Amino acid sequence: MNQLPLMRSLTDRDHQVIWHPYTQHKNKLPPIPVVKGRDALLWDDKGNTYIDAISSWWVSIHGHGNPYIAQKIYEQALRLEHVIFTGFTHEPAVLLAERLLPLLPGTFSRVFYSDNGSTAVEVAIKMAIQYWKNVQKTGLEDDGRTGRKKILALHNSYHGDTFGSMSISERSVFTAAFQEYLFEPLFIEAPSSENIDRLRDLLRDQGQEIACFIYEPLLQGAGGMCMYEAAALDQLLEAAKEQGILCIADEVMTGFGRTGKLFAGDYLRQRADIICLSKGLTGGTMAMGVTAATEKVFDAFLSDDRRKTLFHGHSFTANPLACTAALASLDLLQEEGCDRRLRRINEQHSAFAGKLRQYPIVRHVRVLGTVIAFEISVGEDGYINPAGLDLTQRALEKGIYLRPLGNTVYIMPPYCITEKEMDQVYTFLVQYIEGKTASR
Ligand SMILES: *Cc1c(COP(=O)(O)O)cnc(C)c1O
């Protein structure tokens with residue numbers, strides 16, 4: 001036998017050289033080497049399979065290893081893999097904008113490309129702030145006394161991990177180390193029928209000082225899968241628009257079918273001025289962000305004065321491979337079967353929700369589209385609650401991947417997940433909850 005003496009496992013090599021995201025490396029469990037993905041399943045190096053019940057951090061809407069998207073990326077890679085996007089353009093970028101704009105919930109007319117959800121949000125905020133500089137009479141020499149300086153954001157929000165997007169996100173364990181370097185938005189509670197009058201009063205008082213309002217429509221993801229009412233959000237948006245406030249919909253997570261409609265904004269009457277997209281955009285295959293704006297916003301940047309330019313761009317802006325992947329993902333989303341899958345997942349979730357509500361340690365069971373979430377009453381609520389780590393470990397042993405936010409458990413599956421796979425996830429959760437109930 002010809003054995004190599006120094007054959008180290010991938011986990012050992014990883015242990016030497018990798019710094020993982022959102023990972024405390026001290027005493028951490030070794031990461032699982034994934035060698036293959038197909039549809040809702042992931043394979044590790046020992047041949048075990050895992051149902052990816054959270055779409056790999058909410059991105060893989062069509063599941064893994066989709067051959068249609070892969071083929072399109074391959075063909076595009078042979079033609080043109082990348083080109084600078086200032087002074088040049090290309091077919092995938094234009095075609096994607098042409099196809100995307102009419103699908104968006106609003107009257108958007110311009111697409112600005114970037115690299116991920118955080119950058120899509122950064123771009124949106126920069127557009128909104130500079131919009132007011134550009135349209136003010138005092139212009140760029142704003143004396144600091146006039147103008148709209150405030151940014152309105154929601155408690156429990158999550159908009160990303162870069163400094164600007166952290167600043168407008170709920171203060172939490174994620175942002176604590178950076179607190180003194182963050183700018184301060186005006187935080188309000190997510191609108192509800194109870195607080196909407198108070199929120200409207202606030203907008204009447206301070207609306208003229210507010211540049212923009214950013215919100216995750218109907219579903220606040222990383223902040224704890226909080227769901228809130230479309231009617232109340234509509235009322236808040238209406239009040240904001242009356243004050244001329246630019247409304248920014250962060251649909252990075254809710255976009256592309258996640259909430260049961262193509263966009264969460266499709267549940268609303270009021271339209272945003274700017275929308276941010278990423279996660280599901282390329283079907284979870286390539287990193288890309290989109291910030292789309294209305295013509296009104298775009299117009300404010302048109303000028304003979306070059307200082308009114310939006311000075312923002314990334315090396316990989318409008319990467320042709322990513323644009324091509326997004327086009328292919330749209331093809332799949334617009335197939336007739338996709339709608340049916342979204343409905344079926346929603347029906348299964350709803351039935352499971354009824355079952356979950358029978359357990360006293362389960363609280364706030366909620367369903368929107370393909371997302372179901374609930375809290376389990378063990379320890380304190382919040383991200384630091386270790387319940388999630390325990391659940392993840394137990395699930396992996398059963399061939400299921402779940403990653404609760406603290407004690408908030410949620411399922412956010414790829415749309416191609418089978419009925420049987422969904423049932424396996426539900427069965428695991430019931431067993432887990434019954435185990436916890438018995439041990440109390
Ligand atoms: C994930 C997320 C972001 C940040 O996206 P990244 O691609 O992780 O930078 C922004 N907004 C929302 C609503 C998100 O869920």
Side-chain angles (χ1 to χ4, degrees), residues 20-23 54-61 104-105 112-128 151-172 174-175 178 182 185 187 190 212-228 233 247-259 263-265 267-268 272 274-292 312 314 316-317 319 322 325-326 329 368-371 373 383 403-406 408 410-413:
H20 285 273
Y22 280 89
T23 301
I54 65 156
S55 305
S56 281
W57 248 345
W58 322 346
V59 301
S60 303
I61 55 173
L104 298 178
F112 191 101
Y113 291 109
S114 66
D115 300 345
N116 55 61
S118 302
T119 57
V121 168
E122 295 287 338
V123 170
I125 296 290
K126 286 174 78 170
M127 279 177 180
I151 294 175
L152 195 63
L154 298 182
H155 276 301
N156 285 320
S157 59
Y158 175 81
H159 296 292
D161 283 354
T162 52
F163 271 87
S165 60
M166 267 198 297
S167 291
I168 51 170
S169 298
E170 178 67 283
R171 300 299 181 261
S172 72
F174 301 166
T175 60
F178 316 104
L182 304 179
F187 282 114
C212 60
F213 166 44
I214 182 156
Y215 55 98
E216 294 158 87
L218 306 192
L219 174 55
Q220 300 182 291
M225 294 296 154
C226 312
M227 298 178 189
Y228 64 102
L233 179 56
C247 296
I248 304 173
D250 179 354
E251 293 229 26
V252 167
M253 184 199 65
T254 51
F256 303 102
R258 194 40 93 187
T259 66
F263 296 96
Y267 288 95
L268 301 167
I274 300 173
I275 188 169
C276 309
L277 308 169
S278 182
K279 295 202 166 97
L281 172 62
T282 63
T285 58
M286 309 266 315
M288 181 155 80
V290 153
T291 310
H312 190 104
H314 297 280
F316 285 99
T317 296
N319 176 257
S329 177
L368 180 65
T370 66
V371 183
Y383 188 82
R403 191 175 185 281
L405 298 151
T408 301
Y410 67 90
I411 311 174
M412 201 187 285

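Every number for a ligand or one of its atoms is a count from 1 in the order of the listing. Heavy atoms only: backbone and side chains are in, while hydrogens, waters and symmetry mates are out. Given the structure is predicted, the values throughout are model-derived calculations rather than measurements.
Formation of a donor-acceptor pair under 3.5 Å by the Ser56 side chain with backbone atoms of Val59 is not found in this model.
Under 4.0 angstrom from ligand 1, the non-hydrogen atoms of His159 all belong to its backbone.
Side-chain contact check for Leu154 versus Glu216: every heavy-atom pair is 4.5 Å or farther apart. Proximity of Leu268 to Pro217: side-chain heavy atoms (C-beta onward) are separated by under 4.5 Å at one or more points. At a threshold of 4.5 Å between non-hydrogen side-chain atoms, the residues Tyr22 and Asp161 count as touching.
Counting the atoms of ligand 1 from 1 in the order shown, those under 4.0 Å from a heavy atom of Glu216 are 13 (C). Residue-ligand proximity, Gly160 to ligand 1, at heavy-atom distances under 4.0 Å covers atoms 4 (C), 10 (C).
At a 4.0 Å cut-off, at least one heavy atom of Trp58 sits close enough to ligand 1 to count as contact. Distances from ligand 1 to the non-hydrogen atoms of Asp250 include at least one value under 4.0 Å. Not close to ligand 1: Gln220, with no non-hydrogen atom less than 4.0 angstrom away.
By heavy-atom distance, the residue among Met253, Met288, Lys279 lying nearest atom 2 (C) of ligand 1 is Lys279.
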Full working for side chain to side chain contact (heavy atoms under 4.5 Å, CB included) between Tyr113 and Phe316: CA-CA 9 Å; Tyr113 291 109; Phe316 285 99; over 6 Å; no
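Atom CE in Met412 sits 7.0 Å away from atom OG1 in Thr370 (nearest 0.5 Å).
In the displayed structure, Phe187 atom CZ is contacted under 6.0 Å by more than 12 heavy atoms of other residues, nucleotides or ligands.
For atom 6 (P) of ligand 1, the closest heavy atom belonging to the protein is Gly117 N, 3.5 Å. Among all non-hydrogen protein atoms, the one lying nearest atom 9 (O) of ligand 1 is Ser118 OG, 2.6 Å.
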